[in-house]
**Q** 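My questions all concern the structure below.
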Amino acid sequence: MRLARLYPSELLAESMAIAERCRFCLDELKYEYPSELVPQGHTPASWLRKLTEDGLQRRFPAGVPSKVADLVEHELRLVAELAYEPFFLTVHDVVRFARERGILCQGRGSAANSVVCYALGITEVDPARMNMLFERFVSRERNEPPDIDVDFEHQRREEVIQYVYEKYGRARAALAATVICYRPRSAVRDAGKALGLPPGEVDRMAKAFAFWDTKIPPGNAVLEVAAALVGFPRHLSQHVGGFVISRGPLAELVPIENAAMPERTVIQWDKDDLEALGLLKVDVLALGMLSAIRRALDFIHLKIQDVPAEDPAVYAMIQKADTIGVFQIESRAQMSMLPRLKPENYYDLVIEVAIVRPGPIQGGMVHPYLRRRRKLEPATYPSAEVKRVLERTLGVPIFQEQVMELAMVAAGFTPGEADQLRRSMAAWKGFPESHSASFALLVYVSSWLKLHHPAAFCAALLNSQPMGFYAPAQLVQDARRHGVEVRPPDVNASDWDCTLEAGALRLGLRMASGLSEAEGRRIAQAKPYASIHSLGLNRKDLRCLASAGALRSLAGHRRLAHWAAAGAARRDPLDAPAAERLPTLAAPREGEDIVADYASLGLTLGRHPLALIRSHLEKRRVVTARKLSTLPHGSSARTAGLVTCRQRPDTASGVIFVTLEDETGNVNVVVWRHLSERQKAELLGARLLAVHGVIERDGDVVHLVARRLLDYSVLLGPLTARSRDFH
């Protein structure tokens with residue numbers, strides 16, 4: 001009826017006639033895999049078999065175990081039945097390219113259940129160390145393409161993406177889209193702009209909402225419009241790495257468009273739409289830890305396969321939760337779990353990675369497992385078959401694969417039926433063992449690097465930023481606590497990246513905020529320099545270096561460096577600067593230098609800022625992190641520190657975990673929901689946060705449960721300390 005009031009009846013009738021002639025159905029779209037990866041004389045099946053057999057010989061030079069050979073035959077039969085060979089060949093080709101270019105990569109997720117993927121070099125989980133359940137990855141009953149997630153170094157992933165575009169052409173390869181919907185903060189911003197509010201007022205209104213807020217309370221007109229927007233699509237964005245590659249033009253199957261980024265094409269549908277049509281999606285994902293591991297190994301001239309397995313000293317370090325910077329087990333929740341679970345071997349790490357997850361936590365599996373591990377209760381099993389499935393986790397089903405195996409041994413399900421059961425159990429969100437096994441490998445390697453090569457590990461983390469839970473300031477503080485000498489950036493000593501100097505860590509020019517990378521790399525390659533004039537930099541870059549203290553070897557302290565830089569900016573050759581004597585300028589006070597360090601470098605190599613104001617804190621009866629760690633369970637305490645991290649896990653029922661840092665160490669603070677809602681301004685806004693609370697101790701794990709929060713940021717003056725929040 002609404003259309004009839006807007007358009008003439010003859011136009012509507014003609015529209016209906018055209019619509020009735022349209023008989024297209026989405027089921028008519030038929031996806032075909034790329035074909036050029038199969039050499040002449042081979043079929044996809046024969047070529048996949050050859051690559052698999054060649055890979056097995058490399059993986060098992062002493063001979064392929066019979067168990068592995070049987071698994072391979074089972075997998076290849078099922079792959080052939082479902083005609084998925086081109087999918088495996090496509091992913092293998094991408095991984096092959098990355099390895100030839102020296103780009104560290106590793107498959108994860110359900111693909112780690114595949115011996116074929118292991119043989120092809122797509123995954124690194126040795127079937128001899130794990131129980132493999134291929135139907136978690138490929139299932140006859142599921143009847144949909146398998147999903148292989150491959151992580152690449154995050155700073156080199158674009159090379160892989162462009163290889164895919166170059167090989168298949170942008171007409172045949174495109175990234176999937178993801179639909180971004182309005183949340184309260186973005187809804188308030190757009191509503192405020194649309195209604196003409198000043199930008200400053202819009203910003204203040206938007207910042208009143210935290211990322212976890214889901215509703216907008218009633219109020220003014222802006223909030224009413226914003227509330228109506230929440231949940232509606234805002235725009236299409238690029239998927240994190242889901243590639244669709246086809247045999248013919250993609251435009252014949254799906255709508256595509258040029259991405260905002262150059263040399264990229266995007267499908268206008270999201271990943272769920274693609275899966276519904278059965279379109280092949282290869283996930284080319286980015287992982288910062290792979291960048292850091294590759295860089296650290298380059299520093300010490302090793303390959304990842306050279307890292308010795310099962311080093312007891314590594315597990316001793318992990319058990320103490322000395323894991324700042326380590327992959328996966330550096331979060332507050334993981335660091336609290338480590339002294340309780342006390343991992344002793346690789347499979348313990350597999351469990352550790354998986355157990356601090358929504359599924360095991362919400363399913364009530366964490367505490368039973370810990371009690372059995374501590375020998376506080378026995379592990380019991382209703383039958384020998386169930387024991388075989390659950391013995392590796394002491395009778396507690398932690399992994400999705402175990403749920404499938406239980407259905408098979410206890411209820412007679414086929415592997416495919418068991419996978420369907422897993423997918424239908426939405427209320428039970430177990431973690432995939434295969435995914436955890438892939439991540440556990442990187443946990444161990446990064447832990448080994450941190451223990452045995454702390455300077456190289458810290459340098460690699462700094463060169464791979466942004467990544468992880470911790471900002472550069474905390475990474476450097478931790479390295480220094482582990483005996484690493486850290487030297488400041490200097491134009492006569494630093495490269496662009498952080499480097500090693502006779503065992504010490506030299507900060508790179510990349511740490512100088514605002515310095516252009518092109519100029520930073522140029523001057524790093526041409527060092528040493530006799531004067532600031534010979535750097536040939538413009539005024540902006542010279543100011544950046546002066547602010548970072550990187551001109552000390554040429555000009556002295558920061559004030560002298562700024563004076564010298566002001567007269568040494570690059571200019572016409574006929575107007576070369578004249579040599580002049582530097583004026584007598586007093587050196588900055590210690591506090592001024594520390595403020596300048598944080599402003600330019602994001603860290604300081606001088607004393608910790610709180611050491612300078614400790615007397616003010618003592619007057620407020622604030623104790624240090626070291627003192628707090630000695631207090632008994634249940635005692636009241638006051639402490640304060642720079643906020644380095646705020647976390648709000650989905651499993652914590654609105655609890656926020658805050659990490660504070662002072663000159664003696666870190667304090668772990670628990671803020672319950674009622675307090676976080678009452679003191680949101682202090683919790684989210686303070687740079688220096690004071691906490692009055694109660695000590696909660698469980699063995700070596702100590703928390704301060706907050707009762708009151710105070711913002712002491714005024715004591716820091718202009719110091720800008722950055723924290724890593726809610727990621």
Side-chain angles (χ1 to χ4, degrees), residues 67 71 74-75 78 108-115 117-118 123 125-142 146-147 149 328 334 337 341 343-374 377-441 443 651:
K67 172 190 172 184
L71 286 172
H74 168 66
E75 292 185 19
L78 187 52
R108 60 175 165 92
S110 59
N113 275 301
S114 169
V115 184
C117 284
Y118 179 69
T123 60
V125 178
D126 187 342
R129 302 173 74 178
M130 291 290 298
N131 291 319
M132 314 293 274
L133 190 60
F134 186 62
E135 279 73 11
R136 172 64 181 84
F137 174 46
V138 174
S139 165
R140 180 184 298 106
E141 287 81 355
R142 192 160 69 232
D147 186 22
D149 298 334
Q328 284 288 298
Q334 289 282 2
M337 181 65 67
L341 196 148
E344 298 176 347
N345 52 52
Y346 166 73
Y347 196 76
D348 286 349
L349 292 181
V350 176
I351 294 173
E352 174 69 42
V353 169
I355 203 167
V356 187
R357 302 282 177 172
I361 292 174
Q362 294 172 356
M365 297 155 193
V366 176
H367 293 297
Y369 177 80
L370 289 177
R371 287 195 298 269
R372 295 178 182 196
R373 188 171 178 86
R374 292 173 172 179
E377 69 176 47
T380 58
Y381 310 93
S383 68
E385 291 79 8
V386 171
K387 180 178 181 181
R388 180 182 60 79
V389 174
L390 297 182
E391 189 172 23
R392 61 187 187 272
T393 52
L394 304 180
V396 180
I398 293 174
F399 301 113
Q400 291 181 2
E401 288 87 345
Q402 289 178 306
V403 174
M404 293 176 61
E405 289 182 287
L406 283 174
M408 292 159 60
V409 303
F413 281 36
T414 67
E417 290 170 339
D419 184 61
Q420 287 182 306
L421 173 66
R422 174 193 64 82
R423 292 165 65 87
S424 66
M425 293 175 68
W428 194 90
K429 306 172 186 176
F431 196 71
E433 184 175 13
S434 51
H435 192 124
S436 188
S438 297
F439 275 0
L441 294 172
V443 170
T651 57

**Q** Could you walk me through whether Val125 and Tyr118 pass side chain to side chain contact (heavy atoms under 4.5 Å, CB included), step by step?
**A** CA-CA 7 Å; Val125 178; Tyr118 179 69; 5.5 Å; no

**Q** Give, for atom CD of Gln334 and atom CD1 of Ile355, the distance between the pair rounded to the nearest 0.5 Å.
**A**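 Rounded to the nearest 0.5 Å, the CD-CD1 separation comes out at 9.5 Å.
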
**Q** With sequence neighbours left out, what residues match Arg372 under side chain to side chain donor-acceptor pair (under 3.5 Å)?
**A**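 Testing Arg372 for side chain to side chain donor-acceptor pair (under 3.5 Å), a comparison that skips the adjacent residues, returns Glu377.
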
**Q** Pro343 and Leu349: which non-hydrogen atoms are nearest, and at how many Å?
**A**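 It is CB-CD2, 3.9 Å.
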
**Q** Only pairs under 3.5 Å count here: list side-chain donor-acceptor contacts from residues 384-395, not counting sequence neighbours, and write none if there are none.
**A**
{"residue": "Glu385", "atom": "OE1", "partner": "Ser383", "partner atom": "OG", "Å": "3.4"}
{"residue": "Arg392", "atom": "NE", "partner": "Tyr347", "partner atom": "OH", "Å": "3.1"}
{"residue": "Arg392", "atom": "NE", "partner": "Glu433", "partner atom": "OE2", "Å": "3.1"}
{"residue": "Arg392", "atom": "NH1", "partner": "Val389", "partner atom": "O", "Å": "3.0"}
{"residue": "Arg392", "atom": "NH2", "partner": "Glu405", "partner atom": "OE1", "Å": "3.1"}
{"residue": "Arg392", "atom": "NH2", "partner": "Glu433", "partner atom": "OE1", "Å": "2.9"}
{"residue": "Thr393", "atom": "OG1", "partner": "Leu390", "partner atom": "O", "Å": "3.4"}
{"residue": "Thr393", "atom": "OG1", "partner": "Val396", "partner atom": "O", "Å": "2.7"}
{"residue": "Thr393", "atom": "OG1", "partner": "Gln402", "partner atom": "NE2", "Å": "2.8"}

**Q** For the atom pair CG (Leu71) and NZ (Lys67), what is the distance rounded to the nearest 0.5 Å?
**A**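 If we round to the nearest 0.5 Å, Leu71:CG and Lys67:NZ are 6.5 Å apart.
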
**Q** Restricting to side-chain contact (heavy atoms from CB on, under 4.5 Å), what partner residues turn up for Ser436, sequence neighbours left out?
**A**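 Ser436: side-chain contact (heavy atoms from CB on, under 4.5 Å) contacts with Val350, Val353, Ala354, Phe399, Phe431.
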
**Q** State which residues pass side chain to side chain donor-acceptor pair (under 3.5 Å) with Gln328; sequence neighbours excluded, sorted by chain then number.
**A**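 Counting only residues at least two positions away or on another chain, Gln328 forms a side chain to side chain donor-acceptor pair (under 3.5 Å) with Arg357.
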
**Q** Apply side chain to side chain contact (heavy atoms under 4.5 Å, CB included) to residues Val356 and Glu352 and explain how you reach the verdict.
**A** CA-CA 7 Å; Val356 187; Glu352 174 69 42; 4.2 Å; yes

**Q** Applying side-chain contact (heavy atoms from CB on, under 4.5 Å), name anything that partners Ala418, two or more places apart in sequence or on another chain.
**A**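 Partners of Ala418 under the side-chain contact (heavy atoms from CB on, under 4.5 Å) test: Met404, Ala407, Met408, Phe413.
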
**Q** Minimum heavy-atom separation for Asp348 to Leu341, with atom names?
**A**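 Closest approach of Asp348 to Leu341: O-CD2, 4.2 Å.
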
